[in-house]
Participant: 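Before we start, here is the structure in question, set down as structure tokens.
Whatever order the structure lists them in is the order used to number ligands and atoms, beginning at 1.
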Amino acid sequence: MRIVALAGGIGGARFLRGLLAAVGPQDEITVIGNTGDDIHLYGLKVCPDLDTVMYTLGGGIHEEQGWGRTDETWSIKAEMKEYGVGPEWFGLGDRDFATHLVRSQMLTAGYSLSQVTEALCVRWKPGVRLLPMSDDRVETHVRITDEQGTRAVHFQEYWVRLHAEVDAEAIVPVGADTAKPAPGVLEAIAEADVILFPPSNPVVSIGTILAVPGIREAVAAAPAPVVGLSPIIGGAPVRGMADKVLAAVGVEATAEAVALDYGPALVDGWLVDTVDEASVAAVEAAGIACRAVPLLMTDVEATAEMARAALALAEQVRK
Ligand code: FO1
């Protein structure tokens, strides 16, 4: 079976680990990763979501943190601080730096981000084909108003420095409107047997991938069933601050509202957590098949069970 999953960072990566445990060796998984969180620092290109997927599936992730490398050291960051060079709020460790150096060196030499990602995966062997959503630069910016007035900040500044404590007034994936899907993205979607939306952020992760012209259309037109898993449980994000960015796009932070926002033109099936069982009828009434199953990714086996439920629902809604 050919499975395509659209994925953001921590939530997406943890779901994919469960998916890999749920499928067999004959199944092929293509992951289309969000690159809207990418940030350029010290002349280096940092791709947090691609790296989180790569490290998580490749066994190099810092498990408790969910991002960055295990057994990390921080000499470079300390040295930068001595030079008075920031940003201090963004934690790039020494081991992680190596990834950004290799990536940036290859990009400067003329390789595309998809080629670089493939090369990095030779080391990490994530067990999936990891494709960036686009080789073109896309950067999510967030409009906020604070004591400095109304301005746009990079998504990482909003998320990491400001902890999403200021209201997000607008979320703009800068560059997405002219970006092209990376090679292989549209083909993978068209040829998939199942398309999954993991419990990633519906606005800044899945939403940004869908904002690349052609991707939303390809998913909607794909013959494969599309099944999503709610990132919202009991009215709150499982992790992260998805509710803050959902408010910016006028969507309530409920499992039902997120399903309806994707809509029946895009998703055929939707999984909510058992605590949200009461929303199943409303989602089904909107034309999306819905089931309530445990959606807490407490360990790999619990996550594999979620993946099995998503694949089973896909079979039930197969056109
Ligand atoms: N998240 C944080 O909360 N603080 C950090 O300092 C931080 C640094 C960082 C460096 C590399 C990387 O790949 C991820 C990093 N993250 C950090 C995670 C990241 O900000 C977000 O969780 C994702 O972009 C959202 O998917």
Participant: When you measure from atom 11 (C) of ligand 1 to every protein heavy atom, which one gives the shortest distance, and what is it?
Facilitator: Asp96 OD2, 3.4 Å
Participant: Do Glu169 and Thr145 have side-chain N/O donor and acceptor atoms under 3.5 Å apart?
Facilitator: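 The criterion, which ignores hydrogens and geometry beyond distance, is satisfied for Thr145 and Glu169.
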Participant: Cut-off 3.5 Å, side chains only: do Ser200 and Ser205 have a donor facing an acceptor?
Facilitator: no
Participant: Measure the distance from atom 13 (O) of ligand 1 to every protein heavy atom, then report the residue, atom name and distance (to 0.1 Å) of the closest one.
Facilitator: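 The answer is Pro48 CA, 3.2 Å.
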Participant: Do Glu139 and Lys45 meet the salt-bridge criterion of a basic N to acidic O distance under 4.0 Å?
Facilitator: no
Participant: Distance check, rounded to the nearest 0.5 Å: His62 atom NE2 versus Thr52 atom OG1?
Facilitator: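 With rounding to 0.5 Å, NE2 (His62) is 12.5 Å from OG1 (Thr52).
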Participant: For atom 19 (C) of ligand 1, what is the nearest protein heavy atom, given as residue, atom name and distance?
Facilitator: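 Among all protein heavy atoms, the one nearest atom 19 (C) of ligand 1 is Gln156 OE1, 3.6 Å.
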Participant: Look at atom 17 (C) of ligand 1 and find which of Phe97, Trp89, Trp67 reaches it with the closest heavy atom.
Facilitator: Trp67
Participant: For Asp49, counting its heavy atoms only, list the atoms of ligand 1 lying under 4.0 Å from any of them.
Facilitator: 23 (C), 24 (O), 25 (C), 26 (O)
Participant: Go through ligand 1 atom by atom and flag the ones less than 4.0 Å from a non-hydrogen atom of Gly91.
Facilitator: 5 (C), 6 (O), 8 (C), 9 (C), 10 (C)
Participant: With under 30° as parallel and over 60° as perpendicular, where do the rings of Tyr262 and Trp270 fit, or are they tilted in between?
Facilitator: perpendicular
Participant: Find all atoms of ligand 1 within a distance of less than 4.0 Å from any non-hydrogen atom belonging to Leu92, and give their numbers and elements.
Facilitator: 10 (C), 11 (C)
Participant: Select one of side chain, backbone, both or neither to describe which atoms of Val204 lie under 4.0 Å from any atom of ligand 1, heavy atoms only.
Facilitator: neither
Participant: Looking at atom 23 (C) of ligand 1, what's its closest protein heavy atom, distance included?
Facilitator: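 Looking only at protein heavy atoms, the one closest to atom 23 (C) of ligand 1 is Asp37 OD2, 3.5 Å.
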Participant: Please list the nearest protein heavy atom to atom 21 (C) of ligand 1 with its residue and the distance rounded to 0.1 Å.
Facilitator: Trp159 CD1, 4.0 Å
Participant: Report yes or no: do Gln316 and Arg291 form a side-chain donor-acceptor pair below 3.5 Å?
Facilitator: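 Present: a donor and an acceptor within the cut-off.
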Participant: Any donor-acceptor pair under 3.5 Å linking the side-chain atoms of Tyr55 with those of Thr70?
Facilitator: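 No - no donor-acceptor pair under 3.5 Å links their side chains.
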Participant: Do you know which of Ile32, Leu196, Thr30 makes side chain to side chain contact (heavy atoms under 4.5 Å, CB included) with Leu6?
Facilitator: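 In the set Ile32, Leu196, Thr30, the residue that makes a side chain to side chain contact (heavy atoms under 4.5 Å, CB included) with Leu6 is Ile32.
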Participant: Closer than 4.0 Å to some heavy atom of Val160 - which atoms of ligand 1 meet that?
Facilitator: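 Ligand 1 atoms under the 4.0 Å threshold to Val160: 1 (N), 2 (C), 3 (O), 4 (N), 5 (C), 6 (O), 20 (O).
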